[in-house]
Amino acid sequence: MNIILLAPPAAGKGTQAKLLENKYHLNHLSTGDLLRQVASEDSELGNKVKETLSSGNLVSDEIIFELIDHYMTETTNHQFLFDGFPRNILQAQTLDHILNEKGDMITAVFLLEVTEECLKQRITGRRLCKNCGAIYNVTEPSLKPKNESICDKCGHELYQRDDDNEKSFEIRYREYKKQTEPLIEYYQNQNKLYSIDSMGSIEEIFHRITSIIEKEMIK
Ligand code: AMP
């Protein structure tokens, strides 16, 4: 089973990915996480990626393909949950090609649908744990940590992503509309797209996704 989570920024891809990864033992491949790792390195590439991430623009396909190739070759679990990849048509075609070469393919693409207003609100409140990667939101009562700067799960410090502000959001959202939204039609044409109303609670959204997986994909 190879799954793609397709969604605008701050729609809850990362949160759902962690839950799906655990339930179905998938290999969670987040290009955003891989890029943040590169950006934390003190090198020419690290500084370049850091700058692009904070701006809200997309990183070049060349860098993405190199990261993906390295990750997919090194890993042993080949059932992937793609989070934040592909983000444009060329990336989708390349992914199809990589999987085809291995006699594999994409099983399903879940499109997480959230209104722009709600995304904007979510993005400014999002906080992440530096240690375990847990995701919180200080503007949503059900997702608030007990203490605004400490992780409930492991007690480490929480931080806000450099690109989680209104200015970067405008650019990230514009890039999503221009480059990523065309993937909806791409996967509809392959009969693989499932739209998920993602305005409810984490549990409700997870249930909507898993019901489809259980009904359509796990025989
Ligand atoms: P995310 O963690 O998915 O929200 O991604 C954070 C940022 O990483 C995006 O705003 C882009 O700058 C960059 N990024 C992540 N995945 C990709 C990708 N597949 N192609 C290009 N840029 C990406």
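In listed order, ligands and their atoms are each counted from 1.
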In the structure I gave you, are the side-chain heavy atoms of M1 and I213 within less than 4.5 Å of one another anywhere? yes

Report the part of L58 in contact with ligand 1, treating N, CA, C, O as backbone and CB onward as side chain, heavy atoms under 4.0 Å; options are side chain, backbone, both, neither. both

N/O to N/O below 3.5 Å, does that happen between V59 and ligand 1? yes

Should L6 and L193 be marked as a side-chain contact (heavy atoms from CB on, under 4.5 Å) after you check the CA-CA gap, both sets of side-chain angles, and the distance that decides it? CA-CA 9 Å; L6 191 62; L193 192 93; 4.3 Å; yes

Main chain of T124, side chain of Q160: is a donor-acceptor contact present, judged purely on distance under 3.5 Å? yes

Distance under 4.0 Å to a non-hydrogen atom of R172: what atoms of ligand 1 satisfy this? 4 (O), 10 (O)

Contact atoms of ligand 1, heavy-atom distance to R161 under 4.0 Å: 1 (P), 2 (O), 4 (O), 6 (C)

Which of the atoms of ligand 1 are close to K13, meaning less than 4.0 Å from one of its heavy atoms? 3 (O)

Please identify which atoms of ligand 1 are closer than 4.0 Å to at least one heavy atom of N57. 11 (C), 12 (O)

Under a 4.0 angstrom heavy-atom cut-off, which atoms of ligand 1 come close to R36? 2 (O), 6 (C)

Carefully, step by step, assess T139 and N137 under the rule side chain to side chain donor-acceptor pair (under 3.5 Å). CA-CA 5 Å; T139 62; N137 200 302; 2.6 Å; yes

Below 3.5 angstrom, do we get any N/O pair linking L53 and ligand 1? no

Polar contact flag for D33 and ligand 1 (N/O pairs, less than 3.5 Å): no

What about R87: any of its N or O atoms under 3.5 Å from an N or O on ligand 1? yes

Could you list which atoms of ligand 1 come closer than 4.0 Å to a heavy atom of Q91? 18 (C), 19 (N), 20 (N), 21 (C)

Inter- and intrachain pairs under ring pair (Phe, Tyr, Trp, His ring centres under 6.0 Å), touching residues 158-200, at least two apart: F110-Y194, F169-Y173

Kindly compute the distance separating CG (L158) from OH (Y136), expressed to the nearest 0.5 Å. 6.0 Å

Counting non-hydrogen protein atoms only, what is the nearest one to atom 14 (N) of ligand 1? Give residue, atom name and distance. L35 CD1, 3.3 Å

Pair D83, H28: side-chain N/O donor-acceptor within cut-off below 3.5 Å: yes

Would I202 and L19 count as a side-chain contact (heavy atoms from CB on, under 4.5 Å) if you check the C-alpha gap in whole Å, the side-chain angles of each, and the deciding distance to 0.1 Å? CA-CA 10 Å; I202 290 175; L19 296 171; 3.6 Å; yes

